[in-house]
Each structure stands twice: as structure tokens, then as C-alpha cells.
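Just so you know, these numbers come straight off a predicted model, no measurement behind them. Sequence lines set the chain letters: A, B, ... in the order given, protein chains first and strands last, and positions in each chain run from 1.
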2 protein chains.
Amino acid sequence: MSDTSGPRAHSNAPSSRGIATAQRIERSAVALVLEHGFDSTTVDMICADVGVSQRTFFNHFATKDAAVIGTAVPRLDESLVRAFIASTGPDLLADAAGLIAFPSTDGAADPELMRQRMRAVTSSAVLMQRQLERFASIEAELADVIEYRLARVSSADESADDVREQSRLTAHLLAGVMRYTAEALMTESPASLPDLLAQTRERLIRLLPKLGGRAN
Amino acid sequence: MSDTSGPRAHSNAPSSRGIATAQRIERSAVALVLEHGFDSTTVDMICADVGVSQRTFFNHFATKDAAVIGTAVPRLDESLVRAFIASTGPDLLADAAGLIAFPSTDGAADPELMRQRMRAVTSSAVLMQRQLERFASIEAELADVIEYRLARVSSADESADDVREQSRLTAHLLAGVMRYTAEALMTESPASLPDLLAQTRERLIRLLPKLGGRAN
DNA sequence: AGAAATACATGCAGTGACTGCAGACTGGCT
DNA sequence: AGCCAGTCTGCAGTCACTGCATGTATTTCT
């Protein structure tokens with residue numbers, strides 16, 4: 001940042017070559033959010049820090065939070081999906097919870113940035129919220145995958161429509177599991193994500209028989 | 001609206017006496033949103049329609065959507081809660097789904113306004129989203145209620161903490177059920193809310209044995 | 001090489017939600 | 001009459017975000 005005024009900067013002179021502008025913005029956004037919190041970090045601050053105009057910022061990111069969270073669209077992990085479909089374990093929902101590992105976003109991106117980003121996102125309820133909203137984009141996909149397993153354990157007197165709706169419902173239940181985990185992630189931050197997921201899964205397995213079916 | 005300038009208007013002359021400003025704003029907001037959609041309805045439009053300043057608008061409502069959704073905080077229905085706690089049916093989650101009927105907000109408010117509001121909210125994904133976010137405020141309460149039933153069907157080797165966490169998890173699952181229902185509400189709008197809820201409940205009962213426990 | 005297309009960056013003016021502040025009118029109370 | 005409290009107001013400001021017209025560097029075509 002330092003001096004942003006004058007025509008000087010315009011020549012994104014040396015730096016711009018090596019690292020793409022978008023990446024520099026991302027890094028700066030994550031760092032500033034970690035330092036000041038999401039609400040207290042203005043787009044102008046990020047722009048000043050990076051040395052670009054606000055217009056440029058919005059040419060790269062549609063919203064302020066996109067710069068912090070990243071732009072990659074979450075996808076289901078192929079191999080996990082295959083395993084899930086193939087498996088015939090008794091704990092469908094718990095198995096499905098394994099699909100959310102969480103969905104890899106950037107894959108090959110800088111792991112250090114990923115770690116910082118994770119901290120930044122979990123530090124702000126707003127950001128966590130937005131993050132979860134993004135995951136909604138795989139919900140339909142998730143429902144499709146679930147449908148395979150569900151069809152197998154459904155009786156013949158249930159129509160395909162029934163099964164499809166049940167799959168969608170299950171996907172929403174799974175979203176609930178995600179939210180629960182995300183909440184835990186923000187409070188009991190000490191635990192690592194994989195640990196938390198495993199813990200949630202166990203909890204779910206013990207819980208499910210109590211919720212419906214013939215238990216009780 | 002017509003002319004908002006000058007000192008003239010100041011006398012929200014006749015109308016202001018009968019109906020409180022906040023109510024007039026609510027009505028106008030709902031009506032305008034139904035007509036133009038949420039995004040295309042600006043706060044200024046509402047203000048002009050009602051004949052108040054923007055500052056007044058925000059003195060009554062913290063946000064634009066609050067004017068449409070209403071300000072009442074959702075609460076669990078006492079009698080439903082008692083019934084739920086007392087019951088020992090096998091379908092805990094499905095029973096809990098009955099608690100969300102949906103939580104009454106305004107109770108005594110104008111039923112016609114309530115109906116319009118419902119239409120307005122279900123017409124916009126943004127508003128539905130906000131509405132659901134509000135329900136999050138009863139989630140803790142919900143978890144407490146669920147804990148009673150859950151404690152009853154839990155084995156002795158599960159700690160109180162376990163049960164509490166399972167209750168919170170269940171509350172989140174229930175939130176998933178709500179979201180599923182809300183989604184259905186926005187698309188298959190024909191069905192009435194009570195019908196939809198009953199339908200979801202049935203679906204849930206048939207679904208649960210397939211998800212975990214000993215089924216399959 | 002030179003022209004033209006392309007991609008990225010910029011300033012600028014504008015919209016729309018929302019806030020803080022200070023002033024003004026109202027109705028009721030003493 | 002004088003005062004308090006509640007309500008309403010304009011105004012100026014912040015912040016996210018958009019459209020547009022322009023500029024410049026790099027690539028690609030000829």
C-alpha cells in the first residue's frame with residue numbers, strides 16, 4: 001500500500017508480471033480480513049494494498065467475499081462418489097457425509113493460502129454463511145448420487161418420483177450435517193477438519209437409529 | 001407520493017393518525033415487492049409510496065427485507081412443544097418436523113397481510129433465504145426441546161454431552177427438512193403449506209429407516 | 001515490421017442500501 | 001406555559017457494486 005496516489009502506480013510495473021492480479025488480490029484480501037475482520041475490511045483497503053483500482057477488483061471478483069473465499073466452484077470428488085455408490089453399508093447418511101470432505105475447491109492452489117483462507121472464512125460468520133451457500137450448488141448433484149444408493153434399498157411400491165424426492169430430502173439433511181460441522185468448526189476450532197468430520201459421522205451413526213425406523 | 005419535496009409533506013397529514021407508520025410501510029413494501037420483485041423494489045420507491053423519508057424507513061426497519069418479512073421473532077409454539085415432549089412415538093425426527101408449523105411470527109396480525117407476505121416471500125429466493133436465516137434463531141431452542149426426547153431413548157453409556165450434541169445435530173437436520181420444504185414451497189406453490197408439511201413428514205418416515213439404523 | 005485484435009486496467013459517474021447527526025414538530029404532563 | 005419524549009426529517013457520508021468510454025500492453029495476423 002503506502003502511497004496509492006499519483007499516476008505512478010498505473011504501471012502495475014514489476015510485480016504484475018509474475019503473479020496474476022487476481023491472485024495478488026486474493027492474498028491481500030485474506031490477509032486483511034484475518035487482520036481486521038471481514039466487515040472492517042473495505043474493498044478500497046484491499047485495492048490500495050494491492051495497488052489496483054476498485055474497478056479492476058470487480059473485474060476479477062463479483063463480490064467482496066469472492067475475493068476471500070475464492071472463485072473455484074465446489075465439486076464432488078469423483079473417487080469418493082464411486083466408493084459411495086459401490087458401497088452397501090447400512091449407514092447411508094453417514095456414508096454420504098463422507099462425500100463432503102469438504103469438496104475440493106482449488107485443488108492445486110497454494111496450500112498456505114488455502115490454510116489462511118480457511119482461517120479467514122471460519123473467523124467470520126458472514127463468510128462461513130456464504131461458503132455454505134456455495135455448497136448448495138452441489139446439492140442437486142449430491143441428490144443424484146444419493147439416488148443410486150437409495151433406489152437399491154427402496155421397496156417396489158415406491159415410485160421413482162418418491163425415491164427422487166427422498167434423495168433430495170436426504171441431500172438437504174446432509175446440508176444440515178454440513179452446517180452442524182461448520183458451526184463446530186467455528187467454535188471448537190482446535191480440532192482439525194478431518195477429525196471433526198469423523199466425529200460428526202460417529203455421532204450421526206449413533207443418532208440415526210433413535211430418529212426413526214424401528215429403534216426406540 | 002407525488003411531491004416529496006418542500007416542507008409541505010412533513011404533515012404526514014391525515015393518514016398517519018389511524019395506522020402506524022411501520023404498518024403502512026410494511027403493507028406498501030409487500031405490495032410493491034409482489035408487483036416488481038424484491039430486487040427491483042427500492043427503498044425509495046416504498047418511501048415515496050408511503051410518503052415518508054428514507055430515514056424514517058430505517059428508523060422502523062433495520063433492513064429492506066425486514067419491511068417485507070416483518071419484524072416479529074419466530075417462536076416455537078408452546079402447545080406443540082408440550083405434545084412433542086410428552087409423545088413417545090418412534091419417529092422422533094418426523095415428530096419434530098411437526099414443531100415447525102411454521103413458527104408463528106405475528107400471531108394476531110392481519111391475516112390478509114400475512115397471506116400477501118407469504119406470497120411475497122416465496123416469490124423471491126433472496127427473501128426465502130432471509131426468512132430461513134431467521135428461523136436459525138430458534139434452532140438452539142429446538143435443540144433443547146429435542147434433548148428431552150433424545151435423552152429418553154439414549155443408552156446409559158452415552159454422556160450428557162453426547163446427547164446434547166446429538167440434539168444440536170438433530171436440530172440441524174430439521175433445518176434441512178425446513179429448507180427442503182421451503183424449496184418445495186417456492187416451486188410447487190399450488191400445495192398449501194400444511195399439506196406440504198404433511199407430505200414431507202410422510203416422506204421422512206419412509207426415508208429414515210433407509211438412512212441408518214438396522215434397516216437395509 | 002506494422003496493423004489489428006485481445007486482454008487487462010483505469011477513471012468516472014451513478015445507484016442503492018444503510019448510518020450518524022442535528023434539528024423540528026407532535027402530543028401529553030406538570 | 002414550559003418541558004419531555006417520541007416521531008419524522010434532511011443532509012452528508014460510507015460502502016458495495018455497475019456501466020461506459022478510454023487507454024495501454026501483449027498477441028496474433030498479414
Which residues satisfy the ring-ring contact (aromatic ring centres under 6.0 Å, His included) test with A:Phe58, sequence neighbours excluded?
->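 Applying ring-ring contact (aromatic ring centres under 6.0 Å, His included) to A:Phe58 gives none.
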
All ring-ring contact (aromatic ring centres under 6.0 Å, His included) counterparts of A:Phe61, not counting sequence neighbours |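 Applying ring-ring contact (aromatic ring centres under 6.0 Å, His included) to A:Phe61 gives A:Phe57.
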
Partners passing salt bridge (charged side-chain N to carboxylate O under 4.0 Å, His left out) against B:Arg119 (at least two apart in sequence or in another chain) |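 Listed in chain order: nothing, the list is empty.
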
Pairing residues for A:Glu139 by the salt bridge (charged side-chain N to carboxylate O under 4.0 Å, His left out) criterion, not counting sequence neighbours =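 Partners of A:Glu139 under the salt bridge (charged side-chain N to carboxylate O under 4.0 Å, His left out) test: none.
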
Report the nucleotide, chosen from [options], that has the shortest atom-to-atom distance to any side-chain atom of [X].
| X | options | result |
| --- | --- | --- |
| B:Thr21 | D:dA16, D:dT7, C:dA17 | D:dT7 |
| A:Arg55 | D:dC15, D:dC17, C:dC12 | C:dC12 |
| A:Ser53 | C:dG11, C:dA9, D:dC8 | C:dG11 |

What is the distance, rounded to the nearest whole Å, between atom [atom1] of [X] and atom [atom2] of [N]?
| X | N | atom1 | atom2 | result |
| --- | --- | --- | --- | --- |
| B:Phe61 | D:dT7 | CZ | P | 13 Å |
| B:Asp65 | C:dA17 | CG | C1' | 11 Å |
| A:Asp44 | D:dG13 | CG | P | 16 Å |
| B:Phe57 | C:dA17 | CZ | P | 8 Å |
| B:Asn59 | C:dG20 | CG | P | 11 Å |
| B:Ile25 | D:dT7 | CD1 | P | 12 Å |
| B:His60 | D:dG6 | NE2 | C1' | 10 Å |
| A:Met45 | D:dT14 | CE | P | 15 Å |

Partner set under side-chain contact (heavy atoms from CB on, under 4.5 Å) for [X], not counting sequence neighbours:
| X | result |
| --- | --- |
| A:Thr56 | A:Thr21, A:Val52, A:Ser53, A:His60 |
| B:Ser28 | B:Leu32, B:Ile46, B:Asp49, B:Val50 |
| A:Glu133 | A:Gln129, A:Arg130, B:Gln129, B:Glu133 |

Under the 6.0 Å and 45° cation-pi test, does B:Arg168 pair with A:Tyr180?
->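 So B:Arg168 doesn't make the cation-pi contact.
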
Closest-nucleotide 5' rank along DNA chain D - winner of A:Phe58 and B:Gln54 |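 Comparing both residues, the 5'-ward one is B:Gln54.
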
Helical bend (five base pairs per end, nearest 10°) for the helix from C:dA1-D:dT30 to C:dT30-D:dA1 |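 About 10°, once rounded to a multiple of 10°.
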
How is A:Thr41 classified with respect to the nucleic acid when contacts are heavy atoms under 4.0 Å: base, sugar-phosphate, or nothing?
->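 The residue A:Thr41 makes sugar-phosphate contact but no base contact.
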
Answer yes or no: does a side-chain N or O of A:Thr56 lie under 4.0 Å from OP1 or OP2 of C:dT10?
->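 So the side-chain polar atoms of A:Thr56 do come within 4.0 Å of the phosphate oxygens OP1 or OP2 of C:dT10, strictly under.
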
Salt bridge present between B:Glu141 and B:Arg75 (N-O < 4.0 angstrom) =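 Salt bridge between B:Glu141 and B:Arg75, a charged N being under 4.0 Å from a carboxylate O: yes.
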
Taking DNA chain C as the partner, which of residues 32-39 of chain A come within under 4.0 angstrom of it by heavy atom?
->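 The answer is none.
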
